[in-house]
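The shown structure was predicted, so the numbers you read here are calculated from the model rather than taken from an experiment.
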Amino acid sequence: MTAETDTPRATGSCCSSTGSCQDGAAEVRIGGVTAVYEVKGMTCGHCEGAVSEEISGIEGVTSVKAEAADGRVTVVSAAPLPEDAVRAAVDEAGYELVGLA
């Protein structure tokens, strides 16, 4: 027997039969659109929270992850978002949307 057949695979797991999570399964988003934006001015967790909260209020947004360290915000939505809606949300939070990263 090989190690591959000896390694049990958890039902519903994103990991391959070898235990690797690098096969891309974890990145699949069914029924959603992922966009990454560049935002200027975020420096800390508070900034991340403010931007995330405002963008989360846009209709159709299902997930937001802001990262101050690299100035990027990853947004998952049911359909592509109008850039002006994202820009308005980021402005409301007190930061500057540069555009798509």
Side-chain angles (χ1 to χ4, degrees):
M1 292 182 115
T2 67
E4 188 169 325
T5 58
D6 289 340
T7 306
R9 182 175 178 156
T11 303
S13 172
C14 69
C15 296
S16 69
S17 59
T18 61
S20 170
C21 288
Q22 302 303 317
D23 62 3
E27 295 300 316
V28 174
R29 304 230 188 245
I30 298 174
V33 175
T34 301
V36 180
Y37 298 94
E38 184 178 346
V39 176
K40 276 188 173 181
M42 295 189 301
T43 59
C44 65
H46 173 77
C47 301
E48 293 170 343
V51 170
S52 294
E53 182 178 344
E54 291 297 332
I55 293 175
S56 292
I58 300 172
E59 185 175 343
V61 171
T62 57
S63 172
V64 179
K65 181 178 181 186
E67 298 180 59
D70 62 8
R72 293 181 186 248
V73 180
T74 303
V75 181
V76 179
S77 56
L81 298 174
E83 187 172 315
D84 62 333
V86 178
R87 185 171 305 283
V90 171
D91 286 349
E92 182 66 27
Y95 303 92
E96 179 187 347
L97 177 69
V98 176
L100 287 169

How close do Ala68 and Cys44 get, heavy atom to heavy atom, and via which atoms? CB-N, 3.6 Å

Scan for salt bridge (Lys or Arg N to Asp or Glu O under 4.0 Å) pairs involving residues 37-55, sequence neighbours excluded, and state none if there are none. none

My understanding is that only one of Val64, Val90, Leu81, Val98 makes a side-chain contact (heavy atoms from CB on, under 4.5 Å) with Tyr37; could you say which? Leu81

So which heavy atom on Ser56 is nearest to which on Val61, and how close? CA-CG1, 4.0 Å

For Thr43 and Cys47, the nearest pair of non-hydrogen atoms, with its separation, is N-SG, 3.3 Å

Option passing side-chain contact (heavy atoms from CB on, under 4.5 Å) with Val36 (candidates Lys65, Arg72, Glu67): Arg72

Taking only residues two or more places apart in sequence, or in another chain, which ones meet Glu83 in a side-chain contact (heavy atoms from CB on, under 4.5 Å)? Arg87, Leu97

Side-chain donor or acceptor of Thr62 paired with backbone N/O of Val76 under 3.5 Å: yes

Listed once per pair and sorted, the salt bridge (Lys or Arg N to Asp or Glu O under 4.0 Å) pairs that draw on residues 92-101, sequence neighbours left out: none

Heavy atoms only: give me the nearest Ala78-Val33 pair and the separation to one decimal. O-CG2, 4.3 Å

